Amino acid sequence: MRRKMTERSHVKVLIVGSGPAGYTAAVYASRAMLEPMLIQGMQPGGQLTITTEVENWPGETEIQGPELMVKMEEHARAMGAEIVTDLVTELDLQKRPFTATCDSGRVVTADAVILATGAQARWLGLPSEEKFKGFGVSACATCDGFFYRNREVLVIGGGNTAVEEALFLTKFASKVTLVHRRDSLRAEKILQDRLFKNPKVEVIWDHELTEVHGAEDPMGVNAATLTSTKDGSTREVAADGVFVAIGHAPSSELVADQLELHNGGYVKVEPGTTRTSIPGVFAAGDLTDHVYRQAVTSAGMGCMAALDAEHFLAAQGEVEVAPENLVAEIS
Ligand code: NAP
């Protein structure tokens, strides 16, 4: 009797992570008849599930991030990928087949692994930030913005995330103050334009957040100290909430002591490929990309990882490469 897909304990290709890189790898690996299993992780759909409008996904002038990720998951399932809601807690890459152990106790071995665990929000590392996390300090405006109706909030950072979060927060807050450590933003110009035109937004340039102040009972933020990056002077500003949006760090803990990393924790791949320092292990998306970090580039890398995995397995004599996937440059 044929085993049901959900009972499989060995797969040809295991994909870890469920952002654009993971789901695209699942689509391509499925179409290559590799019957991949994708383990979604803690946040199925990844970072796009905590954003709002996405305006740079080709073919969609505007789509909500969560909707885009649901569509990607449906696409991967429709192609035949097995999508598992679980969290890989241990990954043994020391010998093939590789072994993944999950939070539920599930153990899966795999001939090839595609890592697509993405990135997570960075924090400033202030004790007061830690103290008020969840009580006025947040890294997710779409998750927590609703609680700041008619209140005043600060957003820290000058990249796309900070500007998008600030704009999103104007839907609720009475005032949004963006605090940036330099005198120019690195966010896309179109987002900057929208920010500067919004009457609810003030920008404080050349300042860093150095302390969050608040009450103990009930716990909540009421002010923040900002320090000038020009002359070190400090000022206190009133704030009911603080949103930290200072970039992301790769989620590489699972493989940090097994794979070569670089640039502060990103998984290193051979240039122009998704091959990591261990043959048979591939990395795609924000886990490995410290330059572009876009949904569309992640998806592109997911495609590359599936093709790289297919060629790796073929070279081991374990599968045949589909004719349409015979890419000359891939050895
Ligand atoms: P980011 O582009 O790396 O920007 C991080 C911002 O935080 C920078 O302005 C940086 O200042 C500031 N910062 C970093 N460390 C800081 C610290 N310790 N104290 C104060 N400020 C600090 O990160 P991101 O905005 O999260 O974006 C990550 C990637 O995702 C980017 O490639 C971005 O393009 C992409 N993304 C794209 C979209 C979109 O296309 N719509 C939306 C969101 C994110 P400096 O400028 O001085 O370095």
Side-chain angles (χ1 to χ4, degrees), residues 19-21 43 45-69 116 118-130 137-143 145 154-169 177-196 203-212 224-230 232 234 237 239 242-251 263-266 284-301:
Q43 188 181 13
Q47 290 177 66
L48 279 171
T49 59
I50 54 165
T51 61
T52 51
E53 296 86 12
V54 176
E55 296 176 349
N56 50 16
W57 182 260
E60 301 278 0
T61 309
E62 183 182 312
I63 184 167
Q64 294 294 313
E67 188 192 346
L68 179 61
M69 296 322 297
Q120 61 211 350
R122 285 180 54 222
W123 296 93
L124 289 160
L126 304 171
S128 54
E129 169 193 61
E130 188 59 36
V137 173
S138 168
C140 178
T142 46
C143 316
L154 301 183
V155 176
I156 315 299
N160 277 341
T161 305
V163 174
E164 282 189 348
E165 301 239 312
L167 287 168
F168 178 74
L169 286 163
T177 305
L178 187 92
V179 180
H180 183 38
R181 63 182 177 183
R182 291 186 297 119
D183 63 358
S184 65
L185 302 175
R186 66 170 66 231
E188 284 171 26
K189 292 286 175 277
I190 188 169
L191 292 174
Q192 294 195 30
D193 274 1
R194 285 181 203 160
L195 184 85
F196 298 142
V203 181
I204 298 183
W205 302 104
D206 300 312
H207 277 77
E208 280 174 331
L209 174 73
T210 43
E211 192 159 4
V212 180
T225 303
L226 306 181
T227 301
S228 164
T229 51
K230 293 271 186 221
T234 59
V237 292
V242 175
F243 289 83
V244 179
I246 58 161
H248 291 84
S251 302
N263 289 306
Y266 290 86
D286 283 4
L287 174 68
T288 175
D289 173 21
H290 57 98
V291 180
Y292 302 103
R293 296 177 294 173
Q294 304 297 308
V296 67
T297 49
S298 291
M301 280 185 258

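Read the numbers this way: they start at 1 and go in the same order the structure lists the ligands and their atoms. Everything quoted here is computed from the prediction, not taken from an experiment. Keep in mind that the numbers below use all heavy atoms, side chains included, and drop hydrogens, waters and symmetry copies.
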Measure the distance from atom 15 (N) of ligand 1 to every protein heavy atom, then report the residue, atom name and distance (to 0.1 Å) of the closest one.
-> Arg181 NH1, 3.6 Å
Quick note on ligand 1: atoms under 4.0 Å from a heavy atom of Thr161 include exactly 24 (P), 25 (O), 26 (O), 27 (O), 43 (C), 44 (C)
Please state which protein non-hydrogen atom is closest to atom 48 (O) of ligand 1 and give its distance, to 0.1 Å?
-> Arg186 NH2, 2.7 Å
Hey, could you give me the OG1/NE2 distance between Thr229 and His180, rounded to the nearest 0.5 Å?
-> 9.0 Å
Cys140 and side-chain contact (heavy atoms from CB on, under 4.5 Å): which partner among Ile50, Val244, Thr51, Thr161?
-> Ile50
Just let me know how Leu124 lines up against ligand 1, side chain, backbone, both or neither, with a heavy-atom cut-off below 4.0 Å.
-> side chain
Approximate separation, where rounding is to 0.5 Å, of Thr52 OG1 and Glu67 CD | 12.5 Å
Run down the list Glu164, His290, Arg182 and name the one with the heavy atom closest to atom 46 (O) of ligand 1.
-> Arg182
The answer for which part of Asn56 has a heavy atom under 4.0 Å from ligand 1 is side chain
In terms of its nearest heavy atom to atom 33 (C) of ligand 1, the top option of Val291, Asn160, Leu191 is Asn160
Can you find an N/O atom of Ala162 closer than 3.5 Å to an N/O atom of ligand 1?
-> no
Proximal atoms of ligand 1 relative to Tyr292 (non-hydrogen, under 4.0 Å) | 32 (O)
Ion pair present between Lys230 and Glu208, side-chain N to carboxylate O less than 4.0 angstrom?
-> no
Answer with yes or no whether Glu55 contacts ligand 1, where contact means a heavy atom under 4.0 Å from a ligand atom.
-> no
Determine whether the side chains of Asp289 and Gln294 contain a donor N or O and an acceptor N or O closer than 3.5 Å.
-> no
Gap separating the CG atom of Leu209 from the CD1 atom of Ile156, nearest 0.5 angstrom | 4.5 Å
At what distance is the nearest protein heavy atom to atom 7 (O) of ligand 1, and which residue and atom is it?
-> Ile246 CA, 3.2 Å
In ligand 1, the atoms that come under 4.0 Å of a heavy atom of Gly158 are 6 (C), 7 (O), 8 (C), 9 (O)
for atom 30 (O) of ligand 1, nearest protein heavy atom and its distance come out as Arg293 O, 3.4 Å
Distance, nearest 0.5 Å, that separates CE of Met69 from CD of Gln47 | 10.5 Å
Could you tell me whether His248 and ligand 1 have an N or O pair separated by under 3.5 Å?
-> yes
Go through the steps for Arg194 and Glu55 under the test salt bridge (charged side-chain N to carboxylate O under 4.0 Å, His left out), then give the verdict.
-> CA-CA 14 Å; Arg194 285 181 203 160; Glu55 296 176 349; 3.0 Å; yes
Find the distance between CG (Leu178) and CG (Leu154) and round it off to the nearest 0.5 Å.
-> 9.5 Å
Is there a donor-acceptor pair under 3.5 Å between the side chain of Glu129 and the backbone N or O of Val137?
-> no
Protein heavy atom at shortest distance from atom 23 (O) of ligand 1 | Gly247 CA, 3.3 Å
